[in-house]
Amino acid sequence: MRDEAFADAALDSALKKNGLSPADRALATELVYGTLRWLGRIDWAFQALYRGKLTAMPGRIRRIAEVGLYQILFLDKVPSYAAVNEAVEAAKQAGGDHWAGVVNAVLRNVIRHPERVAPSRFGSDPVYDLSIRSSHPLWLVQKWVERFGLERAASICAAGNAVPVPDLRVNLLKTDRDTLKQALLDEGIPTRESRWHRQFLVAEESGAVIRTESFTKGWFTVQDESAGFVTGLLNLEKGEMLLDLCAAPGGKATASAEHAKDGAIVVAMDRHVHRIRRIVENRDRLGLRSIHAVAGDGTRPPVRLADKVLLDAPCSGMGILRKRPEIKWMRGPEALPGLIGLQSGLLEAAAGLLKPGGLLVYSTCTLLEEENGGMVSGFLNRHSEFKIEPASRAEFGNAVTGAGWIETWPDLHGMDGSFAAVMKKTG
């Protein structure tokens with residue numbers, strides 16, 4: 001769970017190999033994401049009851065025990081004895097009687113002595129307490145406490161642990177919001193209208209929305225509401241050229257093409273050929289003709305003098321922990337210098353790709369200041385020919401900061417954490 005395999009891809013691959021019933025698929029999904037979401041608190045409890053070092057335990061045995069602990073500590077639907085029995089049997093198959101005995105002892109100790117893993121045992125340091133209580137890495141909690149204080153940091157962590165529901169961007173070239181809403185209801189998926197964007201619906205509960213006929217027909221795209229702000233800032237018009245430097249899987253590129261009524265030129269780039277295929281699949285399903293998918297390095301694009309450039313930059317991903325809780329365990333502070341260097345290099349490349357008067361939109365899905373406002377401020381200090389175009393509060397509400405860029409927060413806005421700033425090239 002701490003390697004570089006993203007949970008969604010790994011889980012989808014595993015589920016395809018097993019003919020599970022819908023109920024069993026749902027339980028498997030809950031076990032995977034629930035364990036990842038609460039892994040920090042689970043491992044704290046694990047270490048409190050295990051005499052050895054967790055890092056020395058075989059990885060597969062540790063995963064089995066962590067899933068068992070999640071069921072005992074957080075799930076009511078699975079009886080504790082059943083969780084223990086399943087975990088012990090799995091550990092026996094994976095590692096023999098010795099490791100089955102270890103897993104059995106740890107799990108039964110949690111059941112017999114719940115006070116040993118109660119929140120009162122976390123310690124007196126309030127920041128460390130919040131880190132364990134909310135199951136967030138200590139370094140990340142420290143950053144938010146330093147910036148916002150303990151109470152707001154706790155609110156951000158709580159929102160990061162919420163179970164998300166899909167946001168759906170309506171393809172207004174094929175249908176309208178009311179028609180899609182009724183079609184999805186007929187397919188058993190109730191939705192509500194987004195309070196932020198007229199082209200978005202929000203599903204009332206998690207579900208297999210991509211298995212619907214409406215999805216197959218290209219009537220919608222699964223995309224977080226926060227991405228709608230980027231489309232609004234770009235405001236792509238017919239006849240304009242947009243260069244999307246890091247486009248895969250194509251959500252913002254297809255949104256911009258739809259916004260321009262498929263009358264613009266959208267060059268959607270990505271370094272990896274297999275990710276380019278995702279762009280093409282989404283483009284074709286949505287019935288768009290204006291998107292040109294190109295494999296290549298964003299620092300050396302094949303296009304010059306575009307009207308608009310989007311850099312949806314590779315980032316730490318600390319704004320999407322609701323959907324990808326594994327990220328908080330995969331990426332530590334040591335990854336930031338490399339990411340910041342990559343972001344800065346891509347911004348420098350983007351600066352030379354615009355016509356005079358053109359717009360550069362820089363966006364991320366992180367909540368870390370050094371990747372967001374700090375990155376844009378540093379860029380503007382180096383480039384006097386660019387200036388911020390302040391986002392409209394009338395259009396984007398309280399997502400607009402005093403600096404004129406957009407920040408969304410899961411606890412304030414009920415969507416992924418994100419950042420977006422639009423800069424105009426004046427010379």
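Keep in mind that this is a model prediction, so the values were computed, not measured.
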Enquirer: How would you list all residue pairs meeting side chain to side chain donor-acceptor pair (under 3.5 Å) that involve residues 386-400, not counting sequence neighbours?
Expert: N398-H413

Enquirer: Measure the OH-CG distance between Y362 and L311 for me, rounded to the nearest 0.5 Å.
Expert: 6.5 Å

Enquirer: Could you go through the side-chain contact (heavy atoms from CB on, under 4.5 Å) check for E66 and L36 one step at a time?
Expert: CA-CA 9 Å; E66 286 167 340; L36 287 169; over 6 Å; no

Enquirer: Mind running salt bridge (charged side-chain N to carboxylate O under 4.0 Å, His left out) on E348 and R382 for me, showing each step along the way?
Expert: CA-CA 9 Å; E348 292 298 324; R382 297 191 301 272; 2.8 Å; yes

Enquirer: If the plane angle is over 60° it's perpendicular, under 30° parallel, otherwise tilted; pick one for Y70 and F74.
Expert: parallel

Enquirer: Could you check if a side-chain atom of L75 sits within less than 4.5 angstrom of a side-chain atom of L31, using non-hydrogen atoms only?
Expert: yes

Enquirer: Which residues pass the side chain to side chain contact (heavy atoms under 4.5 Å, CB included) test with I388, not counting sequence neighbours?
Expert: V376, L380, P390, W405, A421, M423

Enquirer: Could you check whether any side-chain heavy atom of F122 comes within less than 4.5 Å of a side-chain heavy atom of L130, counting everything from C-beta outward?
Expert: no

Enquirer: Have N372 and T364 got a donor and an acceptor in their side chains that come within less than 3.5 Å?
Expert: yes

Enquirer: With the side chain counted from C-beta on, respond yes when D43 and Q47 share a heavy-atom pair under 4.5 Å apart, and no when they do not.
Expert: no

Enquirer: Would you say the side chains of Q142 and E146 form a donor-acceptor pair under 3.5 Å?
Expert: no

Enquirer: Is the shortest side-chain N to carboxylate O distance from E407 to R147 below 4.0 Å?
Expert: yes

Enquirer: Are R278 and D270 ion-paired here, with the side-chain N under 4.0 Å from a carboxylate O?
Expert: no

